[in-house]
Enquirer: 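Quick one: the structure is below, and I'll ask about it shortly.
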Amino acid sequence: TVAYKLSVLSAIAKLKKDDPTQIGAYLRSEGLFSKTVERWQQEQEQGLLNKHRAGTVAHVREVMTAENAKLKRQLAATEKKLQQAELLIDLQKKSPILQ
């Protein structure tokens with residue numbers, strides 16, 4: 001299940017911080033291969049490993065929230081670039097060399 005995959009990934013993340021040498025033992029105790037866990041990590045990074053099933057309202061809300069956060073970051077970066085461009089234009093207007 002997705003909950004199990006997330007619990008395994010969090011346990012491995014904790015082991016990476018505390019004692020990376022124990023990851024292999026943990027995987028053996030769970031009966032997992034490292035490639036399987038790597039695939040789960042990739043799915044999690046891509047947003048494919050969600051707590052909710054696809055097509056449910058909760059899943060759609062989760063996807064929309066992630067997309068909203070991404071768009072807010074892009075907007076903030078674009079606004080920062082716009083402010084910098086406006087400052088440069090103002091400096092060019094005030095510069096006696098360019099007039």
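Everything numeric here is computed off the predicted structure, so don't read it as measured data.
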Enquirer: Drop me the distance from Leu88's CG to Gln84's CD, to the nearest 0.5 angstrom.
Expert: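 So the CG of Leu88 and the CD of Gln84 are separated by 7.5 Å.
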Enquirer: Would you name the heavy atoms of Lys16 and Ile23 that are closest together and state the gap between them?
Expert: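 What the structure gives for the nearest pair is CG-CD1, 3.5 Å.
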Enquirer: Could you name each residue pair satisfying salt bridge (Lys or Arg N to Asp or Glu O under 4.0 Å) that touches residues 73-92, not counting sequence neighbours?
Expert: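 Salt bridge (Lys or Arg N to Asp or Glu O under 4.0 Å) check on residues 73-92 returns no pairs.
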Enquirer: Could you list the donor-acceptor pairs under 3.5 angstrom formed between side-chain atoms of residues 29-44 and any protein atom two or more places apart in sequence or on another chain?
Expert:
from	atom 1	to	atom 2	distance (Å)
Ser29	OG	Tyr26	O	2.6
Glu30	OE1	Tyr4	OH	2.7

Enquirer: For Thr65, what residues pass the side chain to side chain donor-acceptor pair (under 3.5 Å) criterion, not counting sequence neighbours?
Expert: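 Residues passing side chain to side chain donor-acceptor pair (under 3.5 Å) with Thr65: none at all.
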